[in-house]
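Following: one structure in structure tokens, then a few remarks.
The analysis underlying the following values was restricted to heavy atoms, covering all of them including side chains, and did not include hydrogens, waters or symmetry mates. Here, residue 1 is the first one in the sequence, and each next residue gets the next number.
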Amino acid sequence: MILDEATSAVDNETEAAIQKSLAMITQDRTTIAIAHRLSKIRHSHCIYVIDIVEQGKHEDLLALDGIYALLWRVQSGIH
């Protein structure tokens with residue numbers, strides 16, 4: 001289950017109800033929660049902090065010759 005800012009646009013009462021429900025339905029399941037408010041994920045089993053190092057269209061990222069370009073060459077068989 002992937003949750004992307006699941007409670008970002010709700011009132012406090014609704015948020016509490018959602019959190020309670022999520023606690024039950026996510027037990028024994030792999031759940032990815034994307035959150036900006038750290039209080040929402042502080043009890044998670046494991047937290048990953050992701051830093052975006054490149055962004056853009058396919059052609060732009062190839063021109064940068066960075067991580068994306070390397071992955072593209074590997075996956076498309078270009079060396």
* Indicate yes or no: at least one non-hydrogen side-chain atom of Asp11 is less than 4.5 angstrom from one of Glu15. => no

* Out of curiosity, does Leu22 fall in the hydrophobic cluster containing Val10 (side-chain heavy atoms, cut-off under 4.5 Å, transitive links)? -> yes

* Asked: If you round to the nearest 0.5 Å, how far is CD1 of Ile18 from CD1 of Ile25?
  -> 10.0 Å

* To do: May I ask you to check whether over 12 heavy atoms, not counting those of His36, lie within 6.0 Å of atom NE2?
  => no

* Atom pair CD/CG of Gln55 and Leu64 - distance to nearest 0.5 Å -> 10.0 Å

* Report the distance from atom OH of Tyr68 to atom CD of Gln75, rounding to the nearest 0.5 Å. => 8.5 Å

* Gap separating the CG atom of Leu70 from the CG atom of Leu62, nearest 0.5 angstrom -> 11.0 Å

* Out of curiosity, Gln19 CD to His43 NE2, how far, rounded to the nearest 0.5 Å? -> 9.5 Å

* For Glu54 and Leu61, indicate whether the former's side chain and the latter's backbone hold a donor-acceptor pair under 3.5 Å. => no

* Does Leu38 share a hydrophobic cluster with Ile47, counting links as ILVMFWY side-chain heavy atoms below 4.5 Å and allowing steps through other members? -> yes

* From CZ (Arg73) to CG (Asp65), nearest 0.5 Å -> 5.0 Å

